[in-house]
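Proteins get letters first, then strands, A, B, ... in listed order; numbering begins at 1 in each. For clarity, every value in this text was computed on a predicted model and none was experimentally measured.
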There are 2 protein chains.
Amino acid sequence: MGYKIGEVARKVGCKVETIRFYEKAGLLPEPSRSAGNFRLYSDSHLEQLRLIRHCRSLDMSLDTIRNLLKLRLHAAENCREINDLVDAHICRVEAQMKLLTHLRGSLQKLRSQCSGPEASGTCEILLELSGCECHGAGVGS
Amino acid sequence: MGYKIGEVARKVGCKVETIRFYEKAGLLPEPSRSAGNFRLYSDSHLEQLRLIRHCRSLDMSLDTIRNLLKLRLHAAENCREINDLVDAHICRVEAQMKLLTHLRGSLQKLRSQCSGPEASGTCEILLELSGCECHGAGVGS
DNA sequence: CTTGACTCTATAGTTACTAGAGGGATTGTA
DNA sequence: TACAATCCCTCTAGTAACTATAGAGTCAAG
Ligand SMILES: [Zn+2]
Ligand SMILES: [Zn+2]
Ligand SMILES: [Zn+2]
Ligand SMILES: [Zn+2]
């Protein structure tokens with residue numbers, strides 16, 4: 001008979017609307033319907049939804065997950081591609097980390113510019129922000 | 001007489017549309033207009049836009065930047081709040097980094113699950129993804 | 001006087017959902 | 001059996017920070 005959408009949502013821990021959204025986005029196949037037009041999900045739907053949600057918790061994009069789902073159709077043959085997909089995602093995550101590390105450095109340096117309001121009559125942080133060379137200050141035309 | 005929008009965009013290194021967007025978003029005051037209705041920016045506009053773009057390059061939200069601009073009206077008195085704002089942003093960045101670090105760990109562990117397609121007739125990565133406890137597998141009702 | 005580069009407004013697209021309106025279905029209870 | 005509560009349905013609009021059109025007007029050079 002299948003699970004109704006609310007039950008599924010409770011099981012995997014997401015909102016009902018999210019499940020309908022995945023269906024419209026082509027990530028979850030359309031389930032069968034009850035006499036009263038309610039969606040009725042099978043265990044394989046549940047499994048696939050769990051996969052999607054877990055991938056999302058790993059911050060994979062829906063597009064990446066779509067690719068993964070395609071590969072899943074022939075999991076054994078596509079083992080290599082699946083590994084590649086995960087590796088590519090790890091790379092994205094590491095790139096983000098590098099960016100954030102750089103950012104934190106810039107912010108700490110910025111933060112250290114302030115020597116208190118008595119020193120210059122203003123807050124030096126603002127001077128730094130609006131007078132930066134990287135956004136065109138002091139560059140003729 | 002002031003700079004036209006394209007000139008300003010070139011100076012600070014952003015798109016023309018972005019500048020108009022900031023105006024509509026209340027981050028940049030409306031500039032004066034030429035006889036032909038073209039926007040004409042002053043040096044103080046330029047400064048403020050530079051501040052905005054630099055803050056964006058530090059990944060501050062527009063809302064955070066709006067707050068900063070308010071504080072800027074009385075920079076000396078608000079020195080403390082300005083520092084707090086920057087500190088709060090550093091905290092956000094560090095929280096993100098922590099999250100990414102955790103994520104990378106999970107991904108590397110996931111990646112290590114695969115023992116090649118010969119072992120189990122499928123790719124174990126997929127089993128891990130769809131059979132995870134954290135999204136409800138193996139939990140009765 | 002026409003071409004081309006620029007500008008204007010207004011609107012729709014992007015990502016991954018979330019929230020609501022306005023209805024129908026089902027269930028439990030009086 | 002009537003009614004209320006709780007579910008479910010579709011459709012649309014909102015979020016963040018832009019980006020990308022469409023269709024029109026402006027301006028300088030040749
Ligand atoms: Zn200061
Ligand atoms: Zn800068
Ligand atoms: Zn594998
Ligand atoms: Zn999981």
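There is a side-chain donor-acceptor pair under 3.5 Å between A:Tyr22 and A:Arg53.
Qualifying side chain to side chain donor-acceptor pair (under 3.5 Å) partners for B:Arg50, counting only residues two or more places apart in sequence or in other chains: none. Not counting sequence neighbours, the partners of B:His45 by the ring pair (Phe, Tyr, Trp, His ring centres under 6.0 Å) test are B:Tyr41.
Between B:Lys15 atom NZ and D:dT21 atom P there is a gap of 10 Å when expressed in whole angstrom units. In this structure, A:Phe21 places its CZ atom 13 Å from C1' of D:dT15, rounding to the nearest Å. Put simply, CD on B:Glu17 is 10 Å from P on D:dT21, counting in whole angstrom units. With rounding to whole Å, B:Arg20 atom CZ is found 12 Å from D:dT19 atom C1'.
Taking hydrophobic clusters as Ile, Leu, Val, Met, Phe, Trp and Tyr residues chained together by side-chain heavy-atom distances below 4.5 Å, A:Leu46 does not share a cluster with A:Phe38.
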Practice prompt. Show your reasoning for whether side chain to side chain contact (heavy atoms under 4.5 Å, CB included) applies to B:Leu68 and A:Leu129.
Written response: CA-CA 11 Å; B:Leu68 188 60; A:Leu129 285 170; 3.6 Å; yes
Fill in: Worked check of side chain to side chain contact (heavy atoms under 4.5 Å, CB included) between A:Thr64 and A:Arg92
CA-CA 12 Å; A:Thr64 299; A:Arg92 275 191 293 274; 3.4 Å; yes
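In this structure, the side chain of A:Asn37 does not engage the main chain of A:Arg33 through any donor-acceptor pair within 3.5 Å. Under the 3.5 Å distance criterion, the side-chain polar atoms of B:Arg39 are left unmatched by any main-chain donor or acceptor of B:Arg20.
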Worksheet, complete the sentence: For nucleotides 23-30 of chain D, 5' to 3', base contacts (B), sugar-phosphate-only contacts (S) and non-contacts (-) with protein non-hydrogen atoms under 4.0 Å give --BSS---
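Heavy-atom distances to DNA chain D give each of A:Val16 and B:Thr18 a nearest nucleotide, and the one nearer the 5′ end belongs to A:Val16.
Separation of atoms CG (A:Leu100) and OG1 (B:Thr101) is listed at 9.0 Å; rounding is to 0.5 Å. To the nearest 0.5 Å, the span separating CG on B:Leu49 from OG1 on B:Thr18 amounts to 9.0 Å. A:Gln48 contributes atom CD, which lies 5.0 Å from atom CG of A:Leu69 (distance to the nearest 0.5 angstrom). Distance check: A:Ile82 CD1 to A:Asp87 CG gives 12.0 Å after rounding to the nearest 0.5 Å.
When DNA chain C is scanned in the 5' to 3' direction for atoms under 4.0 Å from non-hydrogen atoms of chain B, the outermost contacting nucleotides are C:dT7 to C:dT11.
Residue B:Leu127 comes nearest to B:Thr122 through the heavy atom pair CD1-CG2, 3.9 Å, listed as atom of the first residue, atom of the second, then distance.
Between A:Arg39 and D:dC8 there is no side-chain N or O to OP1 or OP2 distance below 4.0 Å. Regarding contacts with the backbone of D:dC7, every side-chain N or O of A:Arg10 stays at 4.0 angstrom or more from both OP1 and OP2. Distances shown here put every side-chain N or O of B:Tyr22 at or beyond 4.0 Å from the OP1 or OP2 atom of D:dA17.
Across its full length, the helix from C:dC1-D:dG30 to C:dA30-D:dT1 shows an angle of 30° between the axes of its 5 terminal pairs at either end, rounded to 10 degrees.
Across residues 41-70 of chain A, not one residue has a non-hydrogen atom less than 4.0 Å from an atom of DNA chain D.
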